[in-house]
Amino acid sequence: MKSLLASWRLLRLLGHIVKGLAIVALRFPALSPDQQHARVQVWSLELLAHAGISLRILGQPPVSGPVMLVANHISWLDIPVMHAARHCRFVSKSDVQGWPLIGTLATAAGTLYIERSSRRDALRMVRSMQEALERGEVLAVFPEGTTGDGREMLPFHANLLQAAVAAQAPVQPVGLRFADKATGATSFAPSYIGDETLVGSIWRTLCAPPIEAVVHYGPPERAGERDRRIWTQHLHDTVDQLRRG
């Protein structure tokens, strides 16, 4: 029975991805940026529904930019979950741009790509992020740099906050959590870590009982006179509290 339900969810999910590609190719060129953002948010909400996942938002999402969202990273679902809660431009590793289907959708959603192994590219990205914030955009980053196991958070990389410091823009901490909708206990079905394959993680998620994605927004804050590394650790601790709340 579980396999049958998962197969049905998978078919709906694949159909929804094809629908997204068609929208990007045929509709996006005629839409304004705000209309594109609204389409991305609706598409992301529908994707979660097809996967058997509901959304719960705690706290206040940003109404407008400039602001940088910093969140913990658990799963391949984190980006559509955050898009469903509030559209934002993600900063992602350059590998994503080349992923079949997903790369096209990520680029259409406004993703900024960074080559993490290149210091020069990292500096270029900081400048691009600063310019985006100065234009009043909402950016989102996963300062852990990779997915964790959902139990303990990895350290935050302070360099990703430099753009917010340079643009004098606020940063808003966001805690992400997946929960079993029936019991409220943390669900690790969507986790994607270590040697796990993306396909395996997707299938496990589709086989799981109904899941609730919880997005918990904390209040935005500015660096002020704090050292960047001290501020980074403070944001790490705040996100850790939000994801547990």
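It should be emphasised that the depicted structure is a prediction, and the values quoted were computed from it without experimental measurement.
Side-chain contact check for Thr186 and Arg177: at least one donor-acceptor pair (N or O, by modelled atom type) lies under 3.5 Å. A donor-acceptor pair shorter than 3.5 Å can be found between the side chains of Ser191 and Arg204. Between Gln241 and Asp237, the side chains place no donor N or O within less than 3.5 Å of an acceptor N or O (distance only, hydrogens not considered). Side-chain contact annotation: Thr107 with Tyr113, donor-acceptor N/O pair under 3.5 Å present.
With respect to the salt-bridge test (charged N to carboxylate O, under 4.0 angstrom), the residues Arg56 and Glu212 qualify.
Of all the heavy atoms in Arg86 and Pro62, the pair that sits closest is NE-O, 2.9 Å. In terms of heavy atoms, Trp43 sits closest to Ile17 at CZ2-CA, 4.0 Å. Between Arg226 and Arg222, the shortest heavy-atom distance links the atoms NH2-O, 2.7 Å. Taking every heavy atom of both residues into account, Asp78 and Asn72 meet most closely at OD2-O, 4.1 Å. Closest approach of Tyr217 and Val174 over heavy atoms only: CD2-CG2, 3.7 Å. The minimum heavy-atom distance linking Trp76 with Ser201 is given by the pair NE1-OG, 2.9 Å.
You'll find the side chain of His87 stays beyond 4.5 Å of the side chain of Gln36, heavy atoms only. Put simply, the side chain of Ile74 does not reach to within 4.5 Å of the side chain of Pro190, judged on heavy atoms. For the pair Arg229 and Gln233, the minimum side-chain heavy-atom distance is 4.5 Å or more. Contact check for Leu206 versus Trp8: no side-chain heavy atoms found under the 4.5 Å cut-off. Residues Met129 and Leu139 form a side-chain contact, since some pair of their non-hydrogen atoms from C-beta on lies under 4.5 Å apart. Contact of the Pro219 side chain with the Gln172 side chain is not registered, since no non-hydrogen atoms from C-beta on lie closer than 4.5 Å. Looking at heavy atoms from C-beta onward, Leu235 lies in side-chain contact with Leu161 at the 4.5 angstrom threshold.
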Check the pair His83, Leu47 against side-chain contact (heavy atoms from CB on, under 4.5 Å), reporting the backbone distance first and the verdict last.
CA-CA 11 Å; His83 273 319; Leu47 180 142; over 6 Å; no
Full working for side-chain contact (heavy atoms from CB on, under 4.5 Å) between Thr205 and Phe178:
CA-CA 11 Å; Thr205 302; Phe178 294 98; over 6 Å; no
Might you work through the side-chain contact (heavy atoms from CB on, under 4.5 Å) test for Val214 and Leu176, ending with a clear yes or no?
CA-CA 6 Å; Val214 182; Leu176 300 179; over 6 Å; no
For the pair Val70 and Leu160, evaluate side-chain contact (heavy atoms from CB on, under 4.5 Å) and give the outcome as yes or no after the intermediate values.
CA-CA 9 Å; Val70 297; Leu160 286 175; over 6 Å; no
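More than 12 heavy-atom neighbours from other residues, nucleotides or ligands sit within 6.0 angstrom of CZ on Arg228. The environment of Glu196 atom CD is dense: over 12 non-hydrogen atoms of other residues, nucleotides or ligands sit within 6.0 angstrom.
Put simply, the side chain of Glu144 never gets that close to the backbone of Phe156: no donor and acceptor are under 3.5 Å apart. In this structure, Gln35 contributes its side chain and Ser32 its backbone to a donor-acceptor pair below 3.5 Å. Of the possible polar contacts, one joining the His236 side chain to the Leu154 backbone as a donor-acceptor pair under 3.5 Å is found.
To the nearest 0.5 Å, atoms CG (Asp240) and CD (Glu152) are separated by 7.0 Å. For the atom pair CG (Leu10) and OG (Ser3), the distance works out to 11.5 Å, reported to the nearest 0.5 Å. Here the CZ atom belonging to Arg243 is positioned 13.0 Å from the OG1 atom belonging to Thr238, to the nearest 0.5 angstrom. If you take CE on Met68 and CD on Gln162, they are separated by 9.5 Å, rounding to the nearest 0.5 Å. For the atom pair CG (Asp180) and CZ (Phe188), the distance works out to 11.5 Å, reported to the nearest 0.5 Å. Atom-to-atom distance recorded for Gln41:CD and Met82:CE is 12.0 Å, nearest 0.5 angstrom.
Hydrophobic cluster membership is shared by Leu13 and Tyr192, with clusters built from Ile, Leu, Val, Met, Phe, Trp and Tyr side chains linked at under 4.5 angstrom. Two different hydrophobic clusters hold Leu242 and Phe142 under the rule that ILVMFWY side chains link at heavy-atom gaps under 4.5 Å. Cluster membership check: Val42 does not share its hydrophobic cluster with Phe90, using side-chain heavy-atom separations under 4.5 Å among Ile, Leu, Val, Met, Phe, Trp and Tyr. Residues Val138 and Leu55 fall within the same hydrophobic cluster, defined by Ile, Leu, Val, Met, Phe, Trp and Tyr side chains chained together at heavy-atom separations under 4.5 Å. Under a hydrophobic-cluster definition in which Ile, Leu, Val, Met, Phe, Trp and Tyr are linked whenever side-chain heavy atoms come within less than 4.5 Å, directly or via other members, Leu14 and Leu105 are assigned to the same cluster.
Residues near Val63 contribute nothing to a hydrophobic cluster around it, because no ILVMFWY side-chain heavy atom sits closer than 4.5 Å to its side chain.
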